[in-house]
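Because only heavy atoms are used, hydrogens play no part in the values below, and waters and symmetry mates are left out as well, while side chains stay in. Just so it is clear, the model here is predicted, and its values are computed rather than measured. First the proteins, then the strands, lettered A, B, ... as listed; each starts at 1.
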Amino acid sequence: MEYNFNSIEKKWQLHWKESGAYKVSNESNKPKFYVLDMFPYPSGAGLHVGHPLGYIASDIYARYKRLKGFNVLHPMGYDAFGLPAEQYAIEHGIHPAVSTDKNIETFRRQLDNIGFCYDWDREVRTSDPKYYRWTQWIFLQLFGSWFNRHTQKAEPITDLIKIFESEGNIHHPFPHSDYQLPGTGNIFSAADWKNFDEATQQQILMEYRLAYCGYGEVNWCEALGTVLANDEVVNGVSERGGHPVVKKKLRQWYLRITEYADRLLEGLQTVDFSEAMKEMQTNWIGKSSGAEIEFKIRGEKTSANEESVRVYTTRPDTIMGVDFMVIAPEHSLVKSITSSEQEKEVTDYIHYVNSRSERERMSEKRITGAFTGAYAVNPFDETRHIPIWISEYVLAGYGTGAIMAVPCGDERDFRFAKHFNIPISNIIGEHFNGEDANPTKDAVLSNSGFLDGMPMREAMDLVNNEIEKRGIGKRKVNYKMRDAAFSRQRYWGEPFPIKWVNGVAYALSKDQLPLELPAMDDIKPGKDGEGPLSNNEEWLNSPLFGGGQGESSTMPGYAGSSWYFLRYMDPHNEQEFAGRQATDYWNQVDLYIGGTEHAVGHLLYSRMWTKALYDLGHIGFDEPFKRLVNQGMIQGSSRFVFRINGTDQFVSHGLISDDGTYQGRILDKIHVDVNIVDGFELDISRFKQWRNGEYAQAEFILEEDKYICGAEVEKMSKSKFNTVNPDDLVVKYGADTFRMYEMFLGPVEMSKPWDTKGIEGVHRFLKKLWRLFYKENTDGSTTAIWNEEVATPADLKILHRAIKKIEEDTERFSFNTGVSGFMILVNELTDAKCHKREVLEKMLTLLAPYAPHIAEELYHVLGNSHSVLDAEFPVFEEKYLVETSKEYPVSINGKMRTTMNISLSAEQKEVEELVLANPVVQKWTEGKLPKKIIYVRNKMVNIVV
RNA sequence: GCCCAGAUGGCGGAAUUGGUAGACGCGCUAGACUCAAAAUCUGGUUUCGGCAACGGAGUGCAGGUUCGAUUCCUGUUCUGGGCACCA
């Protein structure tokens, strides 16, 4: 029989499907293991070779764990709501549901080709009402709860109402400290609460809900007609498409993720994520601790003298080094403190700041500002009057929107002082050289009045205590992270299960879910930045909302993906998002594989949702992912042809001058499909047919009769013509070869450019493996050559060395060296002419996770009637590797000079005698007695002369 | 600018705790089989000197610790990734 991989793979894929080989039960006495891939967004472009990298790795691991006796959950689904489908619908008039279904079909066919062991009965699609019913339900849990800062957990909002009824909000001030009740302050009593009307009460509750609706500045992208999350904006333009993004005030839904900041940080210590990933999340949360301090103001206006300004600083110890103050241009004090003399300058400056787009502000960091004419008084030295400036480098949204500037210790303050010629005082002695600011914490303070001679770290506590004692400030922790915007002015997303009645948002009841997305033919945006649903009067006013109105925005892309790993545990449950029994059994995801691009988006949101569901008692764990592995990106290796501008002549790469021209003529650099280039050499006839003959008239200026293309490593994308379709490789080499080759390319975590060249080597290996079972005769027929002979110690040594290596490599996710292990094994068995069933069968079990199809086929060839999927992973036995003696490297002064066969049981003394008797050693030591003989058992012998 | 990761043959990459650097594969090359090709097999392949045995150098660069360093330490260059006025 020949190695006809195409028919073998088809046969077993069908067989596994029909026999339900991958069906996983929630009831098992085996230990559980949950292996999860980040589910894909089914884009229209289909899969390229980069996508399956992580899927193959997780598939190998899942299969390996199954062989090791675990009940393995390994599901797959689709993140099916999203912008591209909607954009496509607007451009082509095809409903997102239709194009999404079509794309999913393509994805599924491509995935099936590769032979994954997913339990497709558990498939989820976030756009399916049966699924998003529960997304809506979880949203209502968030809407219906608040974060109790004393218990540090989410609790039902009904509990908060009880608290308000009995004591007002004295112990639970508004989460956003700048919130003011209409007309009053921000503290109310139980009596106040009872007197508030319904609308006010609801407005107050909205300030506490974990999912809340408010007005806020959002990142508005006109071109996409949508609001973007902070992490979807890069350098002031949208991550997707690069369109400009501006700040706009809109009514938005938010998740109060900031309340979970501390728990999200603490949780990182309990999970196995890469240090880089933990750091990214830590930086994103951006916790800093310091103090808020109040400075009195002295200004020209009498009103100014009654004001004070509150600053946030992480360095209260430097308070005596404050040379000026800066407040954000948007700060509410600006108006009341500016002196008449400075009025024009300040107004002009504010005007200038407003004229600068977010993008300009970020890209060109100019040192700008204006003096307000007012001064602040240092609370610890009332003789010091500190000028107050405004500048765009102080952000209104962080801390108090005002800072105390200490130029000798802070780089930005230093540059500002230099630029505006503000005198700089030095409080850190020799640590400050007058050239650069020095943010050290290890200096001893000088020039600091009552703090003189005190180390900075001590001064920090002292100042903190002092300001609290005097009531002019308090210790304060701040976070960079903002609440997450949770609505999109878009159609293709989950509708909010909310009804608006007299301006108040109420939850729909559980039995009204799912609130289905109404079918709409025209999904163009509504007026004033409202979503397409705002055009659908009929739906907005439908009886579903009981006389109220529906919500016209929809949930963002990350809503459905924040909890999908829970649905897989119990995908068909109609009563709950997932039964408690199921979530208790499967518990955390043991291994999660996906790209780093979700570091601060999806991974933070899903961690928060998990924590909230845990707090409310719906699940029994508060971190979703126990271990996270980030697969690297497979980059494309692009190819270029060079056309002389304005002609049809193409110049080979080697003929181009260093200045990028050809004989002084300008060249157009054009991406060419990598599939019509062999290495670097262009297939000219295929190039002429390419793109329906667009280049049929091309003429070529060749080097050595070849057209050589330019090359560059870029992101893999259709538009760069550098994508390689896995389907083609599967047809040509088979799924097993493809799987093993993707792993062989290098460590899973590493990014690397795709190169199809080496795939032949892996394919040869599988053919060689096949020849351990079948011999090819000269007439083309094959003969089975595997036999029932008893394995020799030498055979078993080969086998068990491989078991040890492959088991270890698989366990530690080193699949590239794992594949090497197989190659060595097959090479050694071939050399040893070992065709013994006893050995081969174990080898196939080892191989099954990596190359399941060929393993299954040959496993049956050996006469097994059950599937290799249900075999047991071979047990490594040390005894086969035990040696009595070993070739030791012998080095002299650290240099390897010879080898010697030494018994493993030999003692230091015996080894020394043996070594000294060795002629090579005698030659190198020139007969002298060595100073020392170092013998490391199992490793080496070194002689020091 | 700040933080993190990395740098090993012509190429992808091995080397698990400091112990024979370059496993495995690609490519190249010589040979076997063949009329020929493909496929397959065998040998060679870090580099320098040498017919060879053998010897010298060698893991981005400069130092250090050690009998011994790709591995540990200090400095430095480059590459990739993340963050970027967060006080």
Side-chain angles (χ1 to χ4, degrees), chain A residues 235 274-284 286-288 290 311-315 318 326 361-363 365-367 391-395 397-406 409-413 415-416 439 478-482 596-597 599-600 630 632-633 635 679 713 740-741 744-747 749-762 764-765 767-768 771 776 778 805 808-809 811-812 814 816-825 827 830 887-899 930-936 938-945:
Chain A
N235 286 329
S274 71
E275 286 308 311
M277 173 62 62
K278 288 185 183 179
E279 206 175 292
M280 266 189 254
Q281 295 207 352
T282 306
N283 288 343
W284 184 261
K287 180 177 182 170
S288 68
V311 301
Y312 175 69
T313 179
T314 55
R315 298 299 301 275
T318 63
V326 188
R361 200 166 157 169
M362 285 204 192
S363 53
K365 274 171 210 153
R366 288 195 239 159
I367 302 171
S391 172
E392 59 179 340
Y393 88 88
V394 171
L395 307 175
Y398 184 78
T400 59
I403 62 157
M404 54 179 229
V406 183
D410 184 281
E411 191 53 42
R412 292 154 307 175
D413 298 347
R415 283 199 307 263
F416 194 85
N478 266 321
Y479 303 91
K480 288 192 216 173
M481 184 169 66
R482 306 272 81 118
T596 21
E597 65 272 22
V600 292
N630 296 114
M633 262 216 295
Q635 293 139 319
V713 171
M740 291 192 95
Y741 182 59
F744 187 61
L745 230 38
E749 294 93 332
M750 203 187 278
S751 288
K752 56 236 153 187
W754 177 262
D755 175 19
T756 305
K757 283 252 157 167
I759 198 168
E760 297 276 357
V762 175
R764 274 202 275 270
F765 148 74
K767 287 197 282 190
K768 192 165 182 176
R771 289 199 301 273
E776 282 166 47
T778 39
K805 175 167 174 54
E808 282 173 2
D809 286 346
E811 198 65 64
R812 68 187 171 107
S814 180
N816 55 330
T817 53
V819 175
S820 299
F822 284 112
M823 291 178 171
I824 296 167
L825 172 61
N827 286 344
T830 305
E887 269 305 278
Y888 273 79
V890 178
S891 30
I892 292 156
N893 285 342
K895 284 223 180 304
M896 226 281 280
R897 296 300 180 188
T898 186
T899 57
K931 280 189 198 137
K932 214 179 350 175
I933 296 179
I934 300 158
Y935 163 59
V936 183
N938 254 317
K939 297 215 165 147
M940 49 80 67
V941 181
N942 188 38
I943 298 154
V944 185
V945 186

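Comparing A:Lys480 and A:Gly746 against RNA chain B, the residue whose closest nucleotide sits nearer the 5' end is A:Gly746. Summary of the strand contacts: A:Met750 and A:Thr313 both lie near RNA chain B, and taking for each the nucleotide with the nearest heavy atom, the more 5' one is attributed to A:Met750.
Residues satisfying the side-chain contact (heavy atoms from CB on, under 4.5 Å) criterion with A:Ser814, sequence neighbours excluded, are A:Asp809, A:Arg812, A:Asn816, A:Thr817. Looking at residues two or more places apart in sequence or on another chain, you find no ring-ring contact (aromatic ring centres under 6.0 Å, His included) involving A:Tyr479. Contacts of A:Ala402 classified as side-chain contact (heavy atoms from CB on, under 4.5 Å), with partners at least two apart in sequence or in another chain: A:Val309, A:Val311, A:Ile327, A:His331, A:Thr400. Residues that satisfy the ring-ring contact (aromatic ring centres under 6.0 Å, His included) test with A:Tyr935, not counting sequence neighbours, are A:Tyr888. Annotation: side-chain hydrogen bond (donor to acceptor under 3.5 Å, both in side chains) contacts of A:Arg315 (sequence neighbours excluded): A:Asp317. Evaluation of the ring-ring contact (aromatic ring centres under 6.0 Å, His included) rule for A:Phe744 yields no partner, not counting sequence neighbours. Residues passing the side-chain contact (heavy atoms from CB on, under 4.5 Å) test with A:Ile824, sequence neighbours excluded: A:Glu828. The ring-ring contact (aromatic ring centres under 6.0 Å, His included) check on A:Phe416 picks up A:Phe324, A:Trp389, A:Tyr393, A:Phe420, with sequence neighbours excluded.
The distance from the CD atom of A:Glu749 to the OG1 atom of A:Thr596 is 11.0 Å, given to the nearest 0.5 Å. Going from atom NZ of A:Lys768 over to atom CZ of A:Arg764 covers 10.5 Å, rounded to the nearest 0.5 Å. Interatomic distance, A:Ile933 CD1 to A:Ile943 CD1, rounded to the nearest 0.5 Å: 5.5 Å.
Residues A:Val762 and A:Met823 meet the side-chain proximity criterion, which asks for heavy atoms closer than 4.5 Å. Side-chain contact between A:Trp284 and A:Met481: present, with at least one pair of heavy atoms (C-beta onward) separated by less than 4.5 Å. Taking 4.5 Å as the limit, some side-chain heavy atom of A:Val944 sits within range of a side-chain heavy atom of A:Asn893.
Atom NZ in A:Lys767 sits roughly 10 Å away from atom C1' in B:A38 (whole-Å rounding). If you take CG of A:Asp413 and P of B:A87, they are 12 Å apart, rounded to a whole angstrom. With rounding to whole Å, A:Leu745 atom CG is found 10 Å from B:G13 atom C1'. The separation between A:Arg812 atom CZ and B:U16 atom C1' is 6 Å, rounded to whole Å. With rounding to whole Å, A:Lys939 atom NZ is found 6 Å from B:G19 atom P. Distance, A:Lys287 NZ to B:C83 P: 22 Å, rounded to whole Å. Per the geometry, CD1 belonging to A:Ile367 stands 13 Å off C1' belonging to B:G1, to the nearest Å. In this entry the distance linking CD of A:Gln281 with C1' of B:C83 reads 14 Å, nearest Å.
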Secondary structure string for RNA chain B (Watson-Crick or G-U under 3.5 angstrom, | for other-strand pairs): (((((((..(((......[....)))((((((.......))))))((((....))))..(((((..]....))))))))))))....
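Rounded to a whole angstrom, the distance from the C1' atom of B:G22 to that of B:A15 is 9 Å. Distance check on atom C1': B:U70 versus B:A7 gives 11 Å, rounded to whole Å.
Among the nucleotides B:U40, B:G55, B:U20, the one closest to any side-chain atom of A:Arg897 is B:G55.
Using a 4.0 Å heavy-atom criterion, one finds that A:Pro753 contacts no nucleic acid atom at all. Within the nucleic acid shown, A:Met280 comes within 4.0 Å of sugar-phosphate atoms alone, with no base atom in reach, counting heavy atoms only. Counting any heavy atom pair closer than 4.0 Å across all strands shown, A:Arg415 reaches no nucleic acid atom. Residue contacts for A:Ser891: at a heavy-atom cut-off of 4.0 Å it reaches no nucleic acid atom on any strand shown. Residue contacts for A:Asn816: at a heavy-atom cut-off of 4.0 Å it reaches the sugar-phosphate backbone alone, with no base atom in range. Heavy atoms of A:Lys768 sit under 4.0 angstrom from primed sugar atoms or phosphate atoms, though from no base atom. No engagement by A:Met404 is indicated, since no non-hydrogen atom pair under 4.0 Å with the nucleic acid exists.
Proximity of a side-chain donor or acceptor of A:Asp413 to a complementary backbone N or O of A:Val406 within less than 3.5 Å is detected.
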Just the atom pairs and distances: protein N or O near nucleotides 2-4 of chain B's N or O, under 3.5 Å.
unit_1 : atom_1 : unit_2   : atom_2 : d
B:C3   : O2'    : A:Glu279 : OE2    : 2.1

Check: protein-nucleotides 63-71 of chain B nitrogen or oxygen pairs below 3.5 Å:
unit_1 : atom_1 : unit_2   : atom_2 : d
B:C67  : O2     : A:Asn942 : ND2    : 2.0

For nucleotides 24-26 of chain B, print each protein N/O atom paired with a nucleotide N/O atom at under 3.5 Å, atom names and distance only.
unit_1 : atom_1 : unit_2   : atom_2 : d
B:G25  : OP1    : A:Asn827 : ND2    : 3.2
B:C26  : OP1    : A:Arg764 : NE     : 3.1
B:C26  : OP1    : A:Arg764 : NH2    : 2.7

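Taking the six-membered ring for Trp and thresholds of 30 and 60 degrees, A:Phe822 and A:Phe765 have ring planes inclined between 30 and 60 degrees apart.
B:G49: glycosidic angle beyond 90° from 0, hence anti.
In terms of phosphate contacts, A:Tyr398 brings a side-chain nitrogen or oxygen within less than 4.0 Å of OP1 or OP2 of B:A87.
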